[in-house]
Participant: 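Just passing along the structure, written as structure tokens.
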Amino acid sequence: TRRSSDLVNMTENALKNIEDDKYYKIIELKYFEEMTLEYAAGKFNVDITTIKRNKNRLINRLRTLIFSDNVIQDIMNH
């Protein structure tokens with residue numbers, strides 16, 4: 001449906017918006033490659049707390065970009 005397509009496009013745009021972040025690869029590893037956060041910690045050579053904190057920070061940025069009030073209103077109006 002159009003709403004699903006719009007949501008996919010907004011998600012892709014939001015991901016592009018954060019891809020320059022130093023810890024962006026955490027999102028790819030966790031959600032697209034289904035790797036553990038422990039694995040990500042090893043890849044970044046940092047402790048798991050650093051990975052969790054940055055994953056949460058990036059997820060919050062994505063949430064804000066994708067699910068802002070204006071975006072939700074646009075989806076509902078189509």
Side-chain angles (χ1 to χ4, degrees):
T1 67
R2 177 146 169 79
R3 284 185 190 170
S4 296
S5 177
D6 287 348
L7 188 55
V8 168
N9 288 336
M10 284 182 277
T11 302
E12 288 173 349
N13 288 336
L15 287 167
K16 286 178 188 170
N17 191 276
I18 67 165
E19 70 186 356
D20 290 339
D21 190 283
K22 175 182 176 181
Y23 288 99
Y24 173 77
K25 186 75 174 161
I26 296 169
I27 302 300
E28 289 182 340
L29 290 171
K30 172 76 175 145
Y31 297 102
F32 300 118
E33 298 177 24
E34 299 181 7
M35 299 294 174
T36 64
L37 294 178
E38 290 81 5
Y39 177 83
K43 289 290 269 187
F44 281 92
N45 198 28
V46 297
D47 63 52
I48 191 77
T49 303
T50 300
I51 294 298
K52 287 178 182 178
R53 184 177 60 246
N54 282 287
K55 177 192 70 81
N56 291 338
R57 177 180 57 79
L58 290 168
I59 292 297
N60 285 333
R61 281 186 60 199
L62 288 171
R63 185 180 296 124
T64 300
L65 290 166
I66 297 169
F67 296 108
S68 70
D69 289 343
N70 292 338
V71 169
I72 292 173
Q73 217 167 23
D74 284 347
I75 291 171
M76 299 309 289
N77 289 333
H78 286 107

Participant: Would you mind reporting whether R53 and Y23 have side-chain heavy atoms less than 4.5 Å apart?
Facilitator: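 Not in contact.
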Participant: To the nearest 0.5 angstrom, please state how far the OH atom of Y39 sits from the CD atom of E34.
Facilitator: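 Taking OH in Y39 and CD in E34, the distance rounds to 13.5 Å.
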Participant: In residues 43-51, what donor-acceptor pairs under 3.5 Å come from side-chain atoms, sequence neighbours left out?
Facilitator:
{"residue": "D47", "atom": "OD1", "partner": "T49", "partner atom": "N", "Å": "3.0"}
{"residue": "D47", "atom": "OD1", "partner": "T50", "partner atom": "N", "Å": "2.8"}
{"residue": "D47", "atom": "OD1", "partner": "T50", "partner atom": "OG1", "Å": "3.1"}

Participant: Roughly how far, to the nearest 0.5 Å, is NZ of K30 from CE of M35?
Facilitator: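 M35 CE to K30 NZ: 11.5 Å, rounded to 0.5 Å.
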Participant: In Å and rounded to the nearest 0.5 Å, what is the CG to CD1 distance from D21 to I26?
Facilitator: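 Rounded to the nearest 0.5 Å, the CG-CD1 separation comes out at 8.0 Å.
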Participant: Rounded at 0.5 Å granularity, tell me how far CD1 in I27 sits from CZ in R61.
Facilitator: 10.5 Å
Participant: Can you list, pair by pair, the side-chain donor-acceptor contacts under 3.5 Å of residues 8-20, counting residues two or more places apart and other chains?
Facilitator:
{"residue": "N9", "atom": "ND2", "partner": "S5", "partner atom": "O", "Å": "3.3"}
{"residue": "T11", "atom": "OG1", "partner": "L7", "partner atom": "O", "Å": "2.8"}
{"residue": "N13", "atom": "ND2", "partner": "N9", "partner atom": "O", "Å": "3.3"}

Participant: With rounding to the nearest 0.5 Å, note down the distance linking CG in L29 to OH in Y24.
Facilitator: 10.5 Å
Participant: Between N60 and R57, is a side-chain hydrogen bond (donor to acceptor under 3.5 Å, both in side chains) present by the stated rule, with each step listed?
Facilitator: CA-CA 5 Å; N60 285 333; R57 177 180 57 79; over 6 Å; no
